[in-house]
Amino acid sequence: MAEPLIERNISEWQDMMGRGEVSAAELTEMFLQRISDVDPKINAVAEVNPDALDDAAKLDDERAKTGPRSPLHGMPILVKDNLDSSGKMQTTAGSLALEGHIAKEDAHTLKLLRDAGAILLGKANLSEWAYFRSTRGCSGWSSRGGQVRNPYALDRNPCGSSSGSGAGMAAYLAAATVGTETDGSIVCPSSMNGIVGIRPTLGLVSRSGIVPISHSQDTAGPMTHTVSDAALMLTAMTGADASDPITKDAKPVDYQPFLKKDGLKGMRLGVARDYFGKHEGSDTVIEPLLPLLEDLGATLIDPVELTSLGLFGDAEFEVLLYEFKHDLNAYLASHDAQVKSLEEVIAFNKTNAGRVMPYFRQELMEMSQAKGDLSEETYLNARAECLKLSRDEGIDKTMREHQLDAIICPTQSPAWMIDPICGDKVIGGCASPASMAGYPHITVPAGYVYGLPVGLSFFGAAHSEGTLIQCAYAFEQAANVRKPPTFAAHAAID
């Protein structure tokens with residue numbers, strides 16, 4: 001039986017468009033109908049773009065006259081609702097404090113995707129303020145959008161903060177989605193929703209026009225069904241942005257040449273055993289895959305240790321508290337929203353506590369507001385400590401000592417239960433070293449525990465996206481484990 005149209009990948013849709021078998025308008029209409037039919041179960045979409053079909057028709061006309069702009073021409077995408085979007089849709093970071101806010105221009109990342117011919121289908125729901133509000137928040141919950149649900153088991157958490165991007169991608173609500181990550185918010189929801197996610201090297205993708213947490217850790221990245229689709233998205237998203245100085249040396253990179261089925265031959269992979277033993281289900285999925293990696297030509301160095309693991313939590317938290325206040329104030333000051341500072345956000349939340357804070361409060365925001373500016377020694381020392389522990393004594397040291405191409409381990413435990421009252425029960429997770437270092441990280445579907453997805457992570461040195469994509473693609477093609485969600489009420493434990 002032929003694969004359903006909605007379960008194809010970007011390259012297949014492009015081939016069909018080239019043969020005249022489907023148009024961008026038809027693909028867009030298909031996804032809009034899918035959102036209407038399926039999203040009420042998972043609540044992944046905050047808002048649909050009312051201009052999506054018009055945009056698709058224009059791109060179809062352009063294709064007929066001059067051909068496609070890129071491999072993304074006519075592809076309908078969802079972006080997380082903390083990326084600015086010009087037009088008629090709001091940008092709210094999931095918060096009622098930003099309700100009604102319409103940005104004057106696209107975030108640079110979204111602009112690049114639209115320039116490549118992608119169609120903005122809508123904005124994805126998320127954990128409010130990208131999960132930086134409360135010490136016991138519930139991933140996927142926002143006062144604007146409500147609770148996102150995991151499509152593999154509707155009582156399970158989709159992980160945050162790119163929860164809507166992850167759940168929406170898993171449920172086939174778009175051709176691709178965009179998430180953002182400060183510490184785990186691309187790779188965790190990708191793992192728990194059974195999709196591919198890439199956190200790029202800091203500075204490869206622009207941060208301008210994105211509601212921030214931390215300029216030293218924030219980045220946008222692609223979330224897709226396949227490694228090849230993620231590579232196409234990342235190719236379109238990279239490049240210098242005059243509004244974000246950290247990208248001044250970023251050059252566009254085509255990641256398609258790294259999509260090699262024999263890409264693991266000769267690779268040296270370090271097995272980070274520190275991230276095993278967190279959940280027996282994840283270990284049960286990942287352990288049998290290690291011989292497969294060897295069969296595909298990789299050499300496993302097992303184990304390797306990130307010697308700084310567990311030492312940097314306090315320093316990272318200090319950095320995030322300082323930078324959130326500084327960065328959010330700068331963003332709000334440059335946008336026409338009803339609140340102009342973190343202090344005003346806190347006051348708004350207190351005034352509207354019944355709607356904004358029915359389950360948990362805003363302790364993180366209040367702690368951040370109490371911090372000083374970024375010239376304070378406490379901040380500078382914490383930031384230096386983060387870099388030392390995550391880079392010099394962390395990933396760089398491990399990669400150098402063992403001459404590694406990548407480090408591998410389980411990405412995260414299976415999805416925990418949704419619990420807005422007591423908050424998330426986070427078990428395991430390997431995101432922090434790469435997030436703090438600003439280094440790349442890719443997760444790929446690896447298997448299932450009671451029907452809940454588990455991902456395999458590849459992370460490594462700065463600007464090693466090509467190598468990681470090559471490893472991840474070769475693994476994905478050989479393992480071929482991803483399967484569509486069933487929207488079950490509960491995990492398959494009976």
Taking all non-hydrogen atoms of both residues into account, name the closest pair between [X] and [Y] and its distance.
X: Ala240; Y: His108; result: O-NE2, 3.5 Å
X: Ala44; Y: Gly168; result: CB-N, 3.7 Å
X: Leu110; Y: Asp84; result: CD2-O, 3.5 Å
X: Cys138; Y: Asp424; result: CA-OD1, 3.5 Å
X: Ile119; Y: Ala52; result: CG2-O, 3.8 Å
X: Asn193; Y: Gly166; result: CB-O, 3.6 Å

From CA spacing to verdict: side-chain contact (heavy atoms from CB on, under 4.5 Å), Val178, Leu83: CA-CA 9 Å; Val178 176; Leu83 273 75; 4.1 Å; yes
Side chain [X], main chain [Y], donor-acceptor under 3.5 Å:
X: Arg34; Y: Leu173; result: no
X: Ser139; Y: Gly160; result: yes
X: Asn157; Y: Ile418; result: no
X: Ser86; Y: Lys104; result: no
X: Gln90; Y: Gly100; result: yes
X: Asp229; Y: Asn9; result: no
X: Gln14; Y: Pro71; result: yes
X: Thr177; Y: Ser165; result: yes
X: His73; Y: Leu59; result: yes
X: Thr235; Y: Tyr255; result: yes

Within 6.0 Å of [atom1] in [X], more than 12 heavy atoms from elsewhere:
X: Tyr359; atom1: OH; result: no
X: Gln338; atom1: CD; result: yes
X: Lys371; atom1: NZ; result: yes
X: Glu105; atom1: CD; result: no
X: Asp336; atom1: CG; result: no
X: Glu62; atom1: CD; result: yes

When rounded to the nearest 0.5 angstrom, what is the spacing between [atom1] in [X] and [atom2] in [Y]?
X: Lys340; Y: Leu328; atom1: NZ; atom2: CG; value: 12.0 Å
X: Lys251; Y: Leu204; atom1: NZ; atom2: CG; value: 11.5 Å
X: Arg391; Y: Met436; atom1: CZ; atom2: CE; value: 10.0 Å
X: Ser95; Y: His101; atom1: OG; atom2: NE2; value: 12.0 Å
X: Ser162; Y: Arg199; atom1: OG; atom2: CZ; value: 11.0 Å
X: Gln33; Y: Thr28; atom1: CD; atom2: OG1; value: 13.0 Å

Side-chain H-bond candidate by donor/acceptor type, [X] with [Y], under 3.5 Å:
X: Ser163; Y: Asn125; result: no
X: Thr92; Y: Glu99; result: no
X: Glu363; Y: Ser134; result: yes
X: Thr224; Y: Thr226; result: no
X: Thr247; Y: Asp241; result: no
X: Thr411; Y: Ser457; result: yes
X: Ser214; Y: Glu323; result: yes

Reference residue Phe360; test ring-ring contact (aromatic ring centres under 6.0 Å, His included); the match among Trp141, Trp129, Tyr131: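 It is Trp141; the other options fail the test.
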Flag side-chain contact, heavy atom, 4.5 Å: [X] against [Y]:
X: Leu121; Y: Ile77; value: no
X: Lys425; Y: Asp419; value: no
X: Met17; Y: Ser23; value: no
X: Leu342; Y: Ser368; value: yes

Face-on cation placement of Lys260 at Tyr473 ring, 6.0 Å and 45° thresholds: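 That pair does not qualify as a cation-pi contact.
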Phe132 and Phe317 aromatic ring geometry - parallel, tilted or perpendicular at 30°/60° bounds: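 Phe317 and Phe132: tilted rings.
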Geometric class of the His441/Phe459 ring pair [parallel <30°, tilted 30-60°, perpendicular >60°]: tilted
Intermediate values then yes/no, ring-ring contact (aromatic ring centres under 6.0 Å, His included), His463 and Tyr439: CA-CA 7 Å; His463 299 290; Tyr439 287 177; 8.6 Å; no
Full working for salt bridge (Lys or Arg N to Asp or Glu O under 4.0 Å) between Arg207 and Asp218: CA-CA 7 Å; Arg207 302 163 299 179; Asp218 289 352; over 6 Å; no
Among Met192, Glu181, Gln412, side chain to side chain contact (heavy atoms under 4.5 Å, CB included) partner for Val187: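 In the set Met192, Glu181, Gln412, the residue that makes a side chain to side chain contact (heavy atoms under 4.5 Å, CB included) with Val187 is Glu181.
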Pairs involving residues 38-49, ordered by first then second residue, that meet side-chain hydrogen bond (donor to acceptor under 3.5 Å, both in side chains) (sequence neighbours left out):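 Pairs touching residues 38-49 that pass the test: Glu47-Arg144.
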Verdict with supporting geometry, Met75 and Leu27, side-chain contact (heavy atoms from CB on, under 4.5 Å): CA-CA 8 Å; Met75 293 297 111; Leu27 205 59; 3.8 Å; yes
Lys/Arg-Asp/Glu bridge criterion (N-O < 4.0 Å) met for Arg114, Asp106: yes
Salt bridge flag under 4.0 Å for residues Asp61 and Lys65: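 Salt bridge flag = no for Lys65 with Asp61.
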Trace of the side-chain contact (heavy atoms from CB on, under 4.5 Å) decision for Thr486 with Tyr152: CA-CA 6 Å; Thr486 62; Tyr152 286 88; 5.8 Å; no
Ser185/Lys80 under side-chain hydrogen bond (donor to acceptor under 3.5 Å, both in side chains): CA gap, chis, key distance, verdict: CA-CA 11 Å; Ser185 284; Lys80 188 175 177 179; 5.0 Å; no
Cys pair Cys430, Cys409: SG separation below 2.5 Å: no
Verdict with reasoning, His335 to Tyr331, per ring-ring contact (aromatic ring centres under 6.0 Å, His included): CA-CA 7 Å; His335 286 70; Tyr331 174 90; 3.8 Å; yes
